[in-house]
*Asks:* 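Sharing a structure below in structure tokens format, with a few things to ask.
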Amino acid sequence: MPVIALVVLLAALTIADPDFLTQRSLTAAVRTSAPLAVLAAGATLVVLCGGIDLSIAALCSLTTVLFAMWLPDLGGLTTLAAIGVAAAIGAVQGLAHVVLRIPSFIVTLGGMSIFSAVALVISDAGPIRIVDRDATKWLTLYVGGVVPMSFFVAVLVVAAISLVLKLTPLESFVRATGYSESAARLAGTPVDLVKVAAFTVSGACAGLAAIMLVSRNFSGSPTMADNLLLPAVAAIVVGGTAITGGHGSLWRSLVGALVITLLRVGLPIVGVPSAYEQILYGAIIVAAVALTLDRSKVLIIK
Amino acid sequence: GCSEEAGGSSSGGSEAGACAPEDVTLVGQVRNESNPYEAAWLDGGDAFAEQVGLTQDRLTYDGDSTRQQEQISQLLAGDTECLVMNILPNGDSDTPPIVEGAEEAGAYLVTQWNKPADLNVADYDQWLSHITYNGVESGKQIGDALAEAIGGSGGIVALQGILDTGAAKDRFAGLEESLAANPDVELLDDQTANFSRDEALAVTKTLLTKHGDDLKGIWAANDDMALGALAALEQAGRTDVAVVGIDAVPDALTAIEDGTMTATVSSDGPWQGGIGLAIGFCVATGELAVEDIADEDRAWFAEQFLITGDNVGDFTSPEVDAADFECDNVFSRSQGAIS
Amino acid sequence: MTTHLQSQPDAQASAPVHALEVRGLVKHYPGVKALDGVDLVVHQNEVLGLAGENGAGKSTLLKALVGLVRPDAGEIWVRGEKVRLRSVVEAADHGIGMVFQEQSLVPNLTAAENIVLGSEGAGVRRGLYRWDTMRKLAQEQLDKIGSQIDPLARTDTLTFAERQMVEIAKVLRIEERTSHPPVIILDEPTSVLESAEIETLFTQVRRLREFASVIFVSHRLDEVLDVCDRVLVLRGGQSVGEVSTASAAPAELHRMMIGSTGSEDHYHDTAAERSDQPLQPRLVVKGLSGATFRDVDLDVHAGEIVGIVGVHGSGREDVCRALFGAEPIEAGEVTLDGDKLDLSGTRAACAAGVGYVPAERKIEGMVGPMSVADNMTLTKQKSRCSGPLVMPQKQATLVDKWIERLSIRTPHRGTAIQRLSGGNQQKVVLARWLVAGDIRLLLLDHPTRGLDIGARSEVYRLMRELANSGVATVLLADSLEEAIGMSDRIIVMSDGRATAEVGCPSGAKPTPLDLVKEMV
Amino acid sequence: MSLRDAGPPIALAVIFLLFALISPGFRTIGNVQNIMDAAAVLAVVTCGITFVLMMGSIDLSAPGVMGAAAIAVSLLVANNRNGNDWGLLGVLVAVLLAAALGCLSGLALVLLKVPSFMTTLGVSAVGLGVATLLFGGVQPNISDEMLRGWAIERFLGLAYLTWIAFGCVLIGWLIQCYSRLGRYAFAIGGAEEVLALSGVKVAPYKVAVFTLAGAFYGLAGVMVTSQLSAGLVQAGKGYDFAAITAAVVGGTLLTGGRGGILHSAVGVLLVTVLTNGLVQVGVSPYWQGGVQGLIVVAAVAAAVIPQRRRNQVTK
Ligand SMILES: Nc1ncnc2c1ncn2[C@@H]1O[C@H](COP(=O)(O)OP(=O)(O)OP(=O)(O)O)[C@@H](O)[C@H]1O
Ligand SMILES: Nc1ncnc2c1ncn2[C@@H]1O[C@H](COP(=O)(O)OP(=O)(O)OP(=O)(O)O)[C@@H](O)[C@H]1O
Ligand SMILES: [Mg+2]
Ligand SMILES: [Mg+2]
């Protein structure tokens with residue numbers, strides 16, 4: 001279903017401006033969507049478990065700073081170190097959520113402001129340039145000459161996580177937790193563990209998205225990704241994942257991220273004036289969800 | 001296998017000066033159209049475009065760095081043959097990718113306000129010029145004006161802009177210079193209000209109760225915050241506090257005329273909106289060659305004025321002066337290269 | 001109420017028409033024909049019983065009568081008039097109201113609000129609440145059933161049974177809503193009630209019969225025969241026969257429901273051939289204390305079924321939950337086969353071979369939108385895995401085997417469990433603990449709640465089988481009879497303490513009365 | 001008041017006392033007045049959002065709705081852009097416009113069956129678009145004495161705006177306790193499916209709740225305009241998350257069915273006291289956001305301790 005929304009949107013943009021449907025333009029759009037797709041994919045896991053992760057964008061910003069700061073010392077290991085630290089931070093949030101029983105909304109909202117503050121302080125409130133671009137160069141390559149490596153990686157990540165879910169009992173655990181946490185717990189499923197794992201993966205994805213942003217901007221900055229929070233959550237919902245948990249998939253979020261990206265870059269490029277662009281954006285995301293959500297799976301729409 | 005190209009039509013940069021005037025595409029990009037300064041900027045761009053018989057594509061990115069990058073890469077994925085861009089990067093870190101992108105795609109680029117200090121414009125062919133106002137200077141000028149207004153001694157507070165922007169840092173550095181020159185002026189507190197009128201209102205109210213009558217002056221890193229501070233003063237019934245800002249937005253000028261505000265520093269939005277397009281247009285159509293632009297004109301401070309009650313009348317209705325955009329005149333407002 | 005007694009003569013004047021008539025009702029769901037041409041007649045001033053196996057279509061039929069299910073074909077006639085019922089409100093306007101099988105109260109509203117919900121009448125003027133009036137309205141209803149519940153108590157502070165009484169009070173409001181003699185539908189109202197409350201309910205039903213008609217559903221056939229005038233039997237979505245209660249016996253009814261003769265020995269007690277108990281009990285609980293229970297001692301041998309009985313609030317449920325690690329404990333020691341049992345969480349309990357079937361199936365027992373198969377294998381993942389990987393084929397075989405073994409009526413193992421009838425859901429939840437065959441201690445909280453007599457018998461047989469294979473079982477039974485029938489020993493709890501122990505060996509069973517004496 | 005409702009007020013008292021101990025500037029009458037004044041706008045926004053949260057829905061439309069109302073009111077009362085001078089009527093129209101936008105969120109929710117998260121996000125964008133259109137590049141400043149007076153005039157030491165906020169809390173509380181709308185909103189959060197079984201059509205109530213919330217945001221937008229004497233498109237920036245935080249800190253559950261206006265009012269005070277206190281104490285602006293986040297998490301964690309049960313669900 002989300003694919004239909006994507007195709008319709010693409011068709012509409014092409015009608016508005018026939019030049020939009022060129023291979024170069026599509027490649028650029030797909031490349032643009034990669035960090036958003038990775039952020040959304042990670043957070044989708046948390047949403048599937050019935051929670052929400054509002055810290056992804058701030059964590060992503062923080063990781064760009066960490067990456068830029070560590071690169072001179074750690075060199076090639078920086079990527080792994082940055083993703084690892086982001087994952088660990090995600091895990092800490094997950095632990096705070098399950099151990100202290102604080103709603104995930106609040107934990108991650110708190111996390112959001114804490115990560116922002118830390119990023120601001122350690123970066124001395126400014127961007128950190130990257131001189132040695134070799135560490136991120138691989139992300140700027142193209143697979144087969146057309147598919148941007150960053151998007152390819154995003155697809156790979158989604159595929160890998162989806163496959164692990166599908167082939168192991170994890171998918172059952174995640175869905176059971178999302179649909180009905182108390183039943184899942186009384187069935188002896190590792191609810192707490194699954195939630196912490198979801199937050200960890202979400203953190204790692206934020207880390208990976210950070211690397212992608214750094215490869216694009218040649219710097220790390222304490223507010224670099226902050227504005228990606230709402231688009232990422234919008235991508236999840238536009239993909240048709242139920243915000244109440246249980247129903248949905250990472251693939252849906254990937255498509256959702258493409259839809260949101262097309263809206264963000266497509267509308268202004270085809271010449272919609274900025275005030276109308278916002279009105280259209282609002283109307284289209286609502287319409288897209290109306291199209292993508294499978295209502296037989298989500299009985300009550302909140 | 002992997003390659004570095006996005007495939008398809010690879011463009012290694014257009015032949016400078018090869019464009020017919022009617023083929024040029026003019027793009028102006030600012031944060032949003034919902035504040036007067038940036039709306040005036042885009043209007044200035046429109047005025048220039050009209051002057052050369054073209055239209056300007058107005059882009060806004062809502063103060064969202066990622067969105068700015070996304071728009072630009074999408075723009076550069078289109079036809080870049082005779083593309084001229086006058087860009088307001090959201091922050092220092094947003095400039096390098098824009099520059100790299102333009103360089104690769106062969107679009108003509110002028111940036112304003114934000115640029116990392118170590119990024120050298122002369123290293124690039126398509127990045128024609130970077131224009132900014134001397135923030136340290138502005139911060140110092142209004143700091144001095146404030147010191148004078150409070151009689152050379154007393155407590156002031158500073159309202160900083162978005163902390164991780166160069167503008168906020170430079171302006172605050174200017175204030176510090178001014179404080180060094182006016183030893184009897186004491187900085188009681190500095191807080192950030194993120195360049196926002198609404199936040200400045202709340203922060204100022206709190207600072208007023210915190211420092212009470214010790215507070216004699218408010219130094220704001222832009223006029224919006226100064227206006228928010230003025231509203232807070234009015235609500236607190238305080239008329240004895242001097243307020244200064246930067247940008248010369250119309251409301252601030254009115255406030256200076258009324259005498260409620262002490263000083264601001266001009267930054268000419270309409271001119272900024274036109275000048276970037278003008279430089280790009282001149283190069284694209286061959287009237288100006290990149291090699292001929294002097295190194296000090298590749299990154300320069302534009303002329304600015306301290307506006308106080310004495311001279312405010314000269315600035316209340318900024319007009320676009322077509323002569324400023326003549327190819328011979330485009331660098332006429334330069335106050336020298338950015339050091 | 002008085003107004004209705006006055007309107008009674010009119011109702012009787014039009015007696016020849018049926019209070020309610022259903023002709024050829026059909027309802028399809030994906031994969032099942034829930035109703036397959038049902039006919040039904042409810043006379044004036046009659047209590048009609050509805051019997052049938054789990055999934056026979058009772059609830060679907062009744063929901064169609066209150067406008068919640070739109071039938072695919074068929075007609076509904078109310079007092080000689082053909083009607084189309086599209087909502088609960090329309091049904092109420094025709095005088096039809098229902099107490100649902102699954103509890104349907106808003107937990108965070110007061111009892112009073114729940115009682116008048118949707119028909120506040122004088123309780124709300126111009127959108128504004130008049131709490132006094134509302135409370136009075138609710139009190140009137142509660143008085144009818146002699147309930148002592150405070151109308152302004154939040155519903156989620158009430159016990160299960162109290163909530164059921166609120167539901168009954170709520171449906172009785174239909175008397176005030178229409179000038180016709182109402183038709184009141186009770187879908188398994190007794191499954192969560194204790195015997196005293198059941199008596200109160202029956203008094204109500206008999207009172208209702210004076211001026212209204214009642215449709216009554218229960219899987220306790222003796223009850224059905226006791227309170228109803230006539231019983232209609234459904235099987236596979238069709239009406240298969242009718243029995244006058246004056247003459248019928250439970251066994252006959254049961255035979256009609258399943259289409260063959262059921263076993264006489266309900267509890268399979270005689271089938272038990274218990275081996276000699278080992279000296280060391282499998283489960284030993286010493287001085288267990290928690291928020292709602294104190295100093296509970298309990299031991300259960302392998303192969304033994306121990307029932308715990310007690311009035312509401314005795315804390316027996318929390319003891320069970322604590323043994324499963326789902327309720328914090330303050331003190332006490334628990335060993336299983338001599339090893340200390342880790343009560344820190346449900347995971348540990350599962351790993352140690354403890355199983356728990358909660359009473360609130362809908363919320364705690366099952367994951368509604370997930371399939372039957374996934375629900376069944378949720379706990380014992382290794383039963384469907386090879387290494388870390390899920391083997392769909394292995395799962396399918398296993399699940400199909402259990403679906404057949406427990407005769408679970410489901411279109412497919414992939415059907416969402418929430419689409420099954422209540423009884424069949426319960427069987428899936430039970431099966432969850434059995435698929436791996438490694439269970440040592442089974443804690444059953446009302447395991448037969450909502451099950452039909454066949455399924456119930458099947459569950460009992462299963463419990464016996466498990467016991468014979470060495471599983472220790474703790475049973476919180478649905479009724480005292482069930483506790484007596486199934487248990488080898490019964491612990492009586494009251495106010496959070498174990499107050500007595502009654503031996504209950506095969507052949508020397510105590511009577512319910514004996515237990516009640518211990519309980520008070 | 002049960003134990004589980006007592007957490008947030010206790011947290012508020014503790015934080016207030018701590019700041020009062022540390023900072024002499026904090027414990028002045030003037031500063032307490034300032035805190036009340038500063039809480040006014042957030043309180044009104046939170047009143048609106050509380051009803052939505054009570055239903056178990058979420059509302060992110062405050063920034064757009066407030067922006068639209070702010071610009072609308074500044075163009076309707078006496079201003080520097082046109083000859084309008086509608087006075088109170090202008091305020092009313094702006095609030096109605098906001099209510100209409102709120103209504104739109106609700107309609108999209110019940111008619112298109114799109115989760116409120118998305119409909120309100122969309123409506124926020126629409127509101128900002130409308131505001132930008134009306135803004136038209138020139139800052140509207142108001143000269144209407146009445147509206148400006150709201151922020152400046154004082155009664156018993158508090159600005160009129162603060163009294164308006166008190167009024168909103170009172171009205172909100174009355175709606176919550178004594179109107180069918182309020183009680184049904186509460187019930188929808190508790191068990192929406194049950195209401196249908198009782199023959200209650202929930203859709204109109206949902207739409208009404210979003211409309212009511214929109215009206216509160218509209219009034220908040222007008223209040224911001226009064227404070228700044230100017231209509232800003234960004235008048236509502238950040239108020240969505242601030243209000244949700246305040247409501248949740250006050251004890252309203254995001255899953256619906258618990259909490260209420262008075263809870264939220266406590267939450268608003270808690271958040272405002274924090275913001276004010278951190279400035280008074282002199283925490284570096286770089287750290288303020290982080291410290292605030294940490295305290296909010298800690299406060300909620302402390303508040304949930306008494307209600308912790310093993311199998312309780314936290315989402
Ligand atoms: N919403 C639904 N979607 C799909 N199938 C359904 C639905 N509701 C009921 N069914 C199916 O219709 C059949 C009849 O169900 P119903 O609930 O009427 O049985 P019942 O006689 O009330 O059983 P029980 O005694 O267990 O309550 C069952 O096979 C059930 O699986
Ligand atoms: N932690 C707790 N705090 C407060 N009340 C509790 C707590 N746990 C249980 N209760 C209440 O104590 C009462 C007794 O619980 P319990 O369900 O164990 O009794 P029971 O004997 O199992 O009753 P039933 O026969 O209905 O199953 C219930 O009303 C329940 O709401
Ligand atoms: Mg049924
Ligand atoms: Mg119980």
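Order of the sequence lines sets the chain letters (A, B, ...), proteins ahead of strands, with each chain counted from 1.
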*Asks:* Once you round to the nearest 0.5 Å, how far does CZ of A:Arg24 lie from OG of B:Ser73?
*Replies:*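 Between A:Arg24 CZ and B:Ser73 OG, I get 11.0 Å after rounding to 0.5 Å.
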
*Asks:* Regarding A:Arg133 and B:Glu100, does a basic nitrogen lie under 4.0 Å from an acidic carboxylate oxygen?
*Replies:*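 The answer is yes: the pair qualifies as a salt bridge.
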
*Asks:* Can you sort out the partners of B:Asp125 under side chain to side chain contact (heavy atoms under 4.5 Å, CB included), two or more places apart, ordered by chain and number?
*Replies:* B:Glu103

*Asks:* Which bit of B:Ile162 comes within less than 4.5 Å of chain A, counting heavy atoms only: side chain, backbone, both or neither?
*Replies:*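 Interface part for B:Ile162: neither.
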
*Asks:* I need the residue from A:Pro35, A:Pro148, A:Ser274, A:Gly126 with the largest number of non-hydrogen atom pairs under 4.5 Å to chain B.
*Replies:*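 Among the listed options, the one with the most contacts to chain B is A:Ser274.
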
*Asks:* What part of B:Gln69 lies closer than 4.5 angstrom to a heavy atom of chain A: side chain, backbone, both or neither?
*Replies:* side chain

*Asks:* Residues of residues 217-233 of chain A under 4.5 Å from chain B (heavy atom pairs)?
*Replies:*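 Expected list: A:Asn217, A:Phe218, A:Ser219, A:Ser221, A:Pro222, A:Thr223, A:Met224, A:Asn227, A:Leu228.
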
*Asks:* A quick test of your reading: do over 12 heavy atoms of other residues, nucleotides or ligands sit less than 6.0 Å from CZ of A:Phe152?
*Replies:*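 No, not enclosed.
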
*Asks:* Any pair with a residue in residues 108-127 of chain A that passes side chain to side chain donor-acceptor pair (under 3.5 Å), sequence neighbours left out, goes on the list, sorted by first then second residue, please.
*Replies:* none

*Asks:* Measure distances from A:Arg129 to the heavy atoms of chain B and classify the residue's part below 4.5 Å as side chain, backbone, both or neither.
*Replies:*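 Contact with chain B is through the side chain of A:Arg129 alone.
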
*Asks:* Do B:Arg67 and A:Val265 have side chains that approach each other closer than 4.5 Å (heavy atoms only, starting at C-beta)?
*Replies:*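 Side-chain contact under 4.5 Å: no.
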
*Asks:* How would you list, by chain and number, every residue that makes a side chain to side chain contact (heavy atoms under 4.5 Å, CB included) with B:Asp224, sequence neighbours excluded?
*Replies:*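 B:Arg197, B:Asn222, B:Leu227.
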
*Asks:* Tell me, for A:Phe20 versus chain B, whether the close heavy atoms (under 4.5 Å) come from the side chain, the backbone, both or neither.
*Replies:* side chain

*Asks:* Rounded to the nearest 0.5 Å, what's the gap from CD on A:Gln278 to OG1 on B:Thr60? Could you check?
*Replies:* 7.0 Å

*Asks:* Check whether any side-chain heavy atom of B:Pro97 lies under 4.5 Å from a side-chain heavy atom of A:Arg216, and answer yes or no.
*Replies:* no

*Asks:* Got a second to check how far B:Leu75's CG is from A:Ile269's CD1, nearest 0.5 Å?
*Replies:*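 One finds 4.5 Å between CG of B:Leu75 and CD1 of A:Ile269.
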
*Asks:* Contact part of B:Asp64 toward chain A, heavy-atom cut-off under 4.5 Å: side chain, backbone, both or neither?
*Replies:*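 It is both, since atoms from each part get that close.
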
*Asks:* Please state whether the side chain, the backbone, both or neither of A:Leu213 comes within less than 4.5 Å of a heavy atom of chain B.
*Replies:* side chain

*Asks:* Which bit of B:Asn32 comes within less than 4.5 Å of chain A, counting heavy atoms only: side chain, backbone, both or neither?
*Replies:*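 When you check distances to chain A, no heavy atom of B:Asn32 falls under 4.5 Å.
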
*Asks:* By a 4.5 Å heavy-atom criterion (distance strictly below it), what part of B:Leu59 contacts chain A: side chain, backbone, both, or neither?
*Replies:* side chain

*Asks:* How about A:Ser25 and B:Gln74: does a side-chain donor come under 3.5 Å of a side-chain acceptor?
*Replies:*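 Side-chain D/A pair, A:Ser25 to B:Gln74: present.
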
